[in-house]
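In what follows, a single structure is set out as structure tokens and then discussed.
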Number of protein chains: 2
Amino acid sequence: MAQLDADQFKEALRAAAGCSGLSVRKAARAVGQLYDDALAPSGIKGTQFSLLTAVGLAGEPTVSALAESLVMDRTTLSRNLQPLVRAGLLRMQTGKDKRQRRIALTAEGRAKLEASLPLWRQAQNRVSDALGEGRAARLRGDLAWLARSASAPVPGPNKT
Amino acid sequence: MAQLDADQFKEALRAAAGCSGLSVRKAARAVGQLYDDALAPSGIKGTQFSLLTAVGLAGEPTVSALAESLVMDRTTLSRNLQPLVRAGLLRMQTGKDKRQRRIALTAEGRAKLEASLPLWRQAQNRVSDALGEGRAARLRGDLAWLARSASAPVPGPNKT
DNA sequence: ATGAAAAGAATGTATATGCATATACCGGCG
DNA sequence: CGCCGGTATATGCATATACATTCTTTTCAT
């Protein structure tokens, strides 16, 4: 059953430890902690801060539009909105097209977001300090490129 | 309540859209999809592939040791192991110190891991192709640096 | 020895994530 | 008018993530 001998197996595992997916997830966990810690006084998580920010920037986006801008599954976003609506920070209402839900900041949501901005800035600066401004900016650029190309359809001989 | 006028608020939100935490999470979602798709024929997810790989490399690590190597909370790892144990890919047993759980690959787990390696390689190559080898390697390096420094205690004037 | 502190791991609760599927709604066609 | 295909969102299920807490076991000071 084992087609590789012990040495070959170990060698292959060492290569797999350099997995780009793992690198990104480990960094996401660590950095997520950093932002969550910094934002703790405001009572929201980094993920929720990003959601509020995206809504504030987009105005009154639909669920689908917001999900696409965040490289996130629509159903995931659908659920992630619920705690924020429950907390009174976001409002969802149907427009003319009753299938759509228009998402908007409440006054309370805007206030919470505004109060969170200095805390976010602290965390952001801590990351920039750890890498240096230049490397941090380049990293964000590479990650954005990766997010775009990874979610794009594969040019190769598979996929629908 | 709103201390910033509309223009200042929008400006601050545009800055917050450049959040490093968000960049990393977006990339993690997109890249996670890519690896999950590639690994689908083997029946395991990218997260589980990483877990099996880490166990294979470490030999018979404890939960805590494995969690640290993966920049992951122990309790998270504790739960993530359960599906793999249930699937018969991992085994957990107590040693002399009955508090510890030694984690090890089963024969089935090793076979699954070995079968997954070529699929993983496809995904890894796709990422390297998207960025170019050089940029991909540099990205992994920066992410590793970030994971280390973000999970390290803050040198500044706060924290316990 | 023994009892308290510390260490290792699991569990309760809550959010985050995505696939398969269900539900609700729009627009067009007969 | 009423059905039908397509669109927008929500739900069921499963895993991933982490904090606070609990449980067991070890260690160690007295």
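Per chain, numbering begins at 1; letters A, B, ... match sequence-line order. Note that the structure is a prediction, hence the values are computed from the model and not measured.
Nearer to the 5' terminus of DNA chain D, by closest-nucleotide assignment, is the contact made by A:S78 (compared with the other of B:T75 and A:S78). Taking the nucleotide of DNA chain C with the nearest heavy atom to each of B:R25 and B:M92, the more 5' of the two is matched to B:M92. DNA chain C is contacted by both A:G95 and B:Q100; B:Q100 maps to the nucleotide lying nearer its 5′ end (nearest heavy atom per residue).
Between B:D73 atom CG and C:dA9 atom C1' the separation is 12 Å, expressed in whole Å. Atom-to-atom, CD of B:Q93 to P of C:dA9 comes out at 13 Å; the value is rounded to the nearest Å. We find that CG of B:D36 is positioned 17 Å from P of D:dA14, with the value rounded to whole Å. In this structure, A:L51 atom CG and C:dA16 atom C1' are separated by 11 Å, rounded to whole Å. With rounding to whole Å, B:M72 atom CE is found 16 Å from C:dA9 atom C1'. The distance between atom CZ of A:R86 and atom P of C:dT13, rounded to the nearest whole Å, is 15 Å. Summarising the geometry, the separation between CG on B:L81 and P on C:dA10 is reported as 8 Å, rounded to the nearest angstrom. Protein atom NZ of A:K96 is 15 Å distant from nucleotide atom C1' of C:dG27, rounded to whole Å.
For the pair B:Q82 and C:dT11, the criterion of a side-chain N or O lying under 4.0 Å from OP1 or OP2 is met. OP1 or OP2 of C:dC19 has at least one side-chain nitrogen or oxygen of B:Q33 nearer than 4.0 Å. Note on A:T76: every side-chain N or O is 4.0 Å or more away from OP1 and OP2 of C:dA16. At D:dA16, one or more side-chain N or O atoms of B:T47 fall inside 4.0 Å of OP1 or OP2 (strictly under the cut-off). Look at B:N80 and you'll find a side-chain N or O under 4.0 angstrom from OP1 or OP2 of D:dT17. An OP1 or OP2 oxygen of C:dA16 is reached within less than 4.0 angstrom by a side-chain nitrogen or oxygen of A:Q48. Close to C:dA7, at under 4.0 Å from its OP1 or OP2, lies no side-chain N or O of B:S64.
Residue A:R99 holds its CZ atom at 11.0 Å from OG1 of A:T62, rounded to the nearest 0.5 Å.
The residue B:R74 sits apart from the nucleic acid: no heavy atom pair falls under 4.0 Å. Nucleic acid contact for B:D97: sugar-phosphate only, since backbone atoms but no base atoms lie under 4.0 Å from a heavy atom of the residue.
Between the base of C:dT13 and the side chain of B:R79 there is a donor-acceptor pair shorter than 3.5 Å. No donor-acceptor contact under 3.5 Å links the side chain of B:R99 to the base of D:dT24.
A side-chain donor from one of A:R25 and B:S50 sits under 3.5 Å from a side-chain acceptor of the other. Side chain to side chain, A:R74 and A:S64 meet the donor-acceptor criterion of an N or O pair below 3.5 Å.
The pair A:E114-A:R110 counts as a salt bridge, with a side-chain nitrogen and a carboxylate oxygen less than 4.0 angstrom apart.
In this structure the side chain of A:N80 reaches within 4.5 angstrom of the side chain of A:M72, judged on heavy atoms.
With hydrogens and angles ignored, the 3.5 Å screen pairs a side-chain donor or acceptor of B:R29 with a backbone N or O of A:V71.
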